[in-house]
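Report on the structure given below.
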4 protein chains.
Amino acid sequence: MTTPVSAPRRLGRPRDATRDADILRAARDELAERGYERMTMSGVAARAGAGKATVYRRWASKAELVIDAVACGSRGIAPEDVPDTGSLRGDLRALHDLKHRDEGIWQALAGLVSELPHAPELAAVVDERLVRPRVALVRALLERADRRGELIPGVDVDLLAGLPPAMIAYRLLVSGEPLDDEFLRAVTDRVLLPLATGGRRSSAS
Amino acid sequence: MTTPVSAPRRLGRPRDATRDADILRAARDELAERGYERMTMSGVAARAGAGKATVYRRWASKAELVIDAVACGSRGIAPEDVPDTGSLRGDLRALHDLKHRDEGIWQALAGLVSELPHAPELAAVVDERLVRPRVALVRALLERADRRGELIPGVDVDLLAGLPPAMIAYRLLVSGEPLDDEFLRAVTDRVLLPLATGGRRSSAS
Amino acid sequence: MTTPVSAPRRLGRPRDATRDADILRAARDELAERGYERMTMSGVAARAGAGKATVYRRWASKAELVIDAVACGSRGIAPEDVPDTGSLRGDLRALHDLKHRDEGIWQALAGLVSELPHAPELAAVVDERLVRPRVALVRALLERADRRGELIPGVDVDLLAGLPPAMIAYRLLVSGEPLDDEFLRAVTDRVLLPLATGGRRSSAS
Amino acid sequence: MTTPVSAPRRLGRPRDATRDADILRAARDELAERGYERMTMSGVAARAGAGKATVYRRWASKAELVIDAVACGSRGIAPEDVPDTGSLRGDLRALHDLKHRDEGIWQALAGLVSELPHAPELAAVVDERLVRPRVALVRALLERADRRGELIPGVDVDLLAGLPPAMIAYRLLVSGEPLDDEFLRAVTDRVLLPLATGGRRSSAS
DNA sequence: TGCTAAGCGAGACGGTACGTCGCGTCTTCGG
DNA sequence: CCGAAGACGCGACGTACCGTCTCGCTTAGCA
C-alpha cells in the first residue's frame, strides 16, 4: 500500500481498514468495466458504498488510486515465487503461468500514461509500483540463469529485462491484440532466449 | 487526413482547406506545450483563429483531432526515403537520422491509449495511421535485408518489426526516459541485429 | 415593407420579389409554431426554400424580419376602413370585428420586447410599425367621436388611445389569457367609453 | 423562493443558503446592467463567486433564475404596508411612493415574455410571483375604498386592478417611455379614479 | 460512563472542459 | 448580380467530473 503514513497520533476514531479493500476492489471493477477516462471517483465511491471524502482521505487523486488498485492486484509475485526449473526457459515459462491474470494492470496503465510526462512524482510511483517489479522479476530470472552459466558473457541484462514488459505493454495498449499463449511463447523463445543465451542450448548442456 | 470523405456533391460554400492545416498545427503545438489532458479544444480553436464549430465540423472529438494532428506530422517517411546503404545496420542507422523529430507523436499517443480499448474505430485509426506505418518501415528494411541474404532463414519478420516501436513507446510513455542516441543504438545493435542476422556477420567484412 | 432601399442602380440580376412573400410567410409560420426564441433564421430560410443570405440581404436581423413578418399581416386596417356607425361604441365594435386575426402580432412582440431597451432603432421601428398604427386607429375613432360631440371636453385622447393596446398586450403577453369577446367588450364598454364619454350617453338612446 | 421543496430527507451536505442570495443578487445586477439577452449564466455565477453547477442545481434554466431574481426583489410590498390615507386617491399616491424602485422587474419580464406561451409552468410562476401580487395590491386598495363607500356600485374591481400593471408594463416594455410622475398621476387621476369613483368626489364629498 | 476528536456516507461547493447550437457574415456554385 | 447552400468566427448553453468542504451521525480511546 502507498498509504501507511503511520501518524504517531491516534486521537479520535481510527480509520476503518476494511474500507481500503472495498474501495480498491470497486476501483478495479470500474476500471475494467469502463476504462480509465470513463471511470469516475463518484462511481468508485458509490460502488464501494463509501463517500468521496473517504476515498480522498486515502488517495490524493484518481491516478494514485488507480495505481494502487492495480498494483495490489499482482503484488504477489516475488522473484522467489518463481520455481527454479534449472533453465532460463523453464523459469520464464513458470513465470507466465503465474501472472495469468495480470492484464488489468495494463488497462490502468493506459489511463496514467498521459499524465506521466507532466507529473514526475506520479511517474515515480508508477515506475516503482508497476514497472520496476515486473522488470526486476525478469532480471532476477536472468541473473539466476547467469549464475548457472546460461547467458552469453557481457549481455546487457537491464536491456533484456525491459523487453517483455515493453512488448506486452505495446501489444495490449497500442495494438490491442490479446495476450495469448502464442505471443508469450514468441517473446521468450524468439526474442529473449536468443538474445540471452545465444543459440539454442537452453537446459541442454 | 481522416476526413476526405470525398463527397460527390458540391453544394454550398466549400470547406476552407487552409483551416485544416491551421487547426492541426495549433493542435500539435498545444499538445506539445500542455499535454493531452490539459490541451483544450477552445484553446486549439483560439490559437488557430477558428471557432469551435469549425473544429468540430472536421473532427468529432478531441481524440480524433489529436490523431490527425499527430499523424500528419510524420507522414513523410516512406520506406523508399531510407537510402539503401547496403546493410541492415546502415539502413537502420539512416532511419534513425530521419525520424529525429518524431517524438511529438508519442506525446499524443499517450492521451489516446486510455481510449483505445473502448473505442474500436479509434483504435483502428491509431493502428492504421500511427502504428502500422512505423512497423511497416522497419519491416521494409528487414525485407530489403532479406533480399540481400542478411537475415537468418525463417526469422519472424513481423515480430522483429514490432520491436523498435514497442521499445521506443515503452521508453517514452512508461519509463519517461529520453530517446537518446545510446538507446537507439542499443535497440538496433543489441536487439534487432542479433535477432535478425544472428551473429555479427552483416554483409560487411 | 421596411426594405425599399430603392437603389438607383440596377446592375445584374434584379431581386426576385416573390422571395419576400415566401420568407415572410415562413417567418410568420415558424414564429407561430415555435415562438420567438426557438424560431431560427436557418429554419425560416429552409421553410421558404431560400438561403440565409437571401434573408439577410432583405432584413438586417431576426428582430427586423419578425417585425415585418408580423406587421404585414395586419397592414390592412386604416382608419377609413372602419365604417362610421354614428357612435363611438359602434365604431369600436366595428374595429374589433375587423382585427379578428391580429393576434400573431403579439406573439412576435413578445420576442422583441427584451431587445427594445438596448436597441433604440429597433424600438423606433416597433413603435412605428406595430404600436403607432394601432394607437392611431383608436385615436382616429376618438377624434371622429369628438367631432360628433360625444367626448367629455378636455379628455386626454392620447392617454385613452393607448389603453386598448396596453390592455390587450398585457392580457396576451403577461396574463396569457385569450382575447375573447367578453374581454374586448369590457375594454370598450367598461373602460374606454366611460372615460371618453362620461356616463352612458353615447349618441344612442 | 421557487425552490423550497422542503424535502424531508437531510442527507449529505445541505445547500448553503447564502449562495441563493448571492446568486440572486448577481443575477439582478447582471440583468439590470446588460439586459436579459446579454446576461449570461457564467457571468452571474462568476459575479456571485459561484460555480455554474451551483446555479443550475438551484434553477433549471436562465428563465427560472430570472424570475426568482426579480420576484424576490419586490417581495416587500404587502397591502397592509400601504397606509390608509382615508381616500382611494391618497392610498394610490402612497403606493406609488413605495414602489419607486420596482422598475428592474419589468426589465426581467421583458426577457421572459417570449417564453411564456410555450412554457406554461413558467407562465404560472410569472403569474403567481410577478403579476398577481401587483394586481392584488391595487385590488386591495380598491376593496378598502369600497368599504369606505367610495366606489361606484357594481364596478368590476378585477378589471380595474389590472389597469395599472397593464399601463405600466406597456409603457416600459413597449413604448420605452419612463415611469415619470406625470404618467403615474395620469394613471390614477385620469383612468383609475374616474372609473372607480365616477366623478371627482374622492375624499371630498 | 461520559467526552471528544476523528472517522463515516452523502452530497454541495468552485472550477473548468466538453460538445451543441444559434446568429450574422462570407464564399462558393450555377443561372 | 441574384439565389441556394452552407462554412465561417463567435460565444452562450447546459452537462459532467475533479478534488475540496461541510453537514449530521457513529465510533473508538481517554478520563
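Here the structure is a predicted model, which is why all the values come from computation and not from measurement. Letters A, B, ... mirror the listed sequences (proteins, then strands); counts begin at 1.
- In this structure, CG of D:Asp20 is placed 12 Å from C1' of E:dA12, rounded to the nearest angstrom.
- Using a 4.0 Å heavy-atom distance criterion, C:Arg19 is classed as a sugar-phosphate-only contact.
- As a whole-Å value, the separation of C:Trp59 CH2 from E:dT25 C1' is 18 Å.
- For the atom pair B:Thr54 OG1 and B:Arg57 CZ, the distance stands at 4.5 Å (nearest 0.5 Å).
- Listed nucleotides: F:dC8, F:dC13, F:dA4. Nearest to the side chain of D:Lys52: F:dC13.
- In this structure, B:Tyr36 and A:Val113 have side chains that are not in contact, with every pair of non-hydrogen atoms separated by 4.5 Å or more.
- Between the OH atom of B:Tyr36 and the P atom of E:dA17 there is a distance of 14 Å, given to the nearest Å.
- Interatomic distance, A:Leu31 CG to A:Glu37 CD, rounded to the nearest 0.5 Å: 11.0 Å.
- Listed nucleotides F:dG14, E:dC13, F:dG19 differ in distance to D:Ser61; the shortest reach to its side chain belongs to F:dG14.
- D:Thr54 has no side-chain polar atom (N or O) that falls below the 4.0 Å cut-off from OP1 or OP2 of E:dA12.
- Heavy-atom distances to DNA chain F give each of D:Ala60 and B:Gly51 a nearest nucleotide, and the one nearer the 5′ end belongs to B:Gly51.
- Note: CG (B:Asp16) to P (F:dA5) measures 22 Å, nearest angstrom.
- With hydrogens and angles disregarded, a donor-acceptor distance shorter than 3.5 Å links the side chain of D:Arg19 to the backbone of D:Ala48.
- When the P atom of E:dA12 is taken as reference, atom CG of D:Leu11 falls 10 Å away, rounded to whole Å.
- Nearest-nucleotide positions on DNA chain F place C:Ala48 closer to the 5' end than the other of D:Pro14 and C:Ala48.
- The residue among B:Arg13 and C:Arg34 whose nearest nucleotide of DNA chain E lies closer to the 5′ end is C:Arg34.
- C:Glu64 contributes atom CD, which lies 6.0 Å from atom CD1 of C:Ile67 (distance to the nearest 0.5 angstrom).
- Of the inter-residue distances, the one linking A:Ile23 atom CD1 with A:Asp68 atom CG reads 11.0 Å to the nearest 0.5 angstrom.
- The stretch residues 38-46 of chain D touches DNA chain F through D:Met39, D:Thr40, D:Met41, D:Ser42, each having a heavy atom under 4.0 angstrom from the strand.
- Rounded to a whole Å, the CZ atom of D:Arg57 is 17 Å from the P atom of E:dA10.
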Q: Evaluate side chain to side chain contact (heavy atoms under 4.5 Å, CB included) for D:Lys52 paired with D:Val55, printing each intermediate quantity in order.
A: CA-CA 5 Å; D:Lys52 278 172 58 176; D:Val55 178; 5.6 Å; no
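- Taking the C1' atoms of five terminal pairs at each end of the helix from E:dT1-F:dA31 to E:dG31-F:dC1, the two resulting helix axes are inclined by 20°, rounded to 10°.
- In this model, the phosphate group of F:dT20 is not approached by any side-chain N or O of A:Tyr56 to a distance below 4.0 Å at OP1 or OP2.
- With sequence neighbours excluded, the residues satisfying side-chain contact (heavy atoms from CB on, under 4.5 Å) with C:Arg47 are C:Ala26, C:Asp29, C:Glu30, C:Glu33.
- Considering only side-chain N and O atoms, C:Arg58 lies under 4.0 angstrom from the phosphate OP1 or OP2 of F:dG3.
- Note on D:Lys62: only backbone sugar-phosphate atoms sit closer than 4.0 angstrom, heavy atoms only; bases stay farther off.
- Residue-level contact check: B:Ala53 touches the bases, meaning some heavy atom is under 4.0 Å from a base atom.
- Put simply, CD on A:Glu30 is 11 Å from P on F:dC17, counting in whole angstrom units.
- Minimum interatomic distance between B:Arg34 and B:Met39 (heavy atoms only, all atoms of both residues): CB-N, 4.2 Å.
- Nearest heavy atom pair, residue B:Ala69 against residue B:Ala27, reads CB-CB, 3.8 Å.
- The side chain of D:Arg47 places no N or O atom within less than 4.0 Å of a non-bridging phosphate oxygen (OP1 or OP2) of E:dG14.
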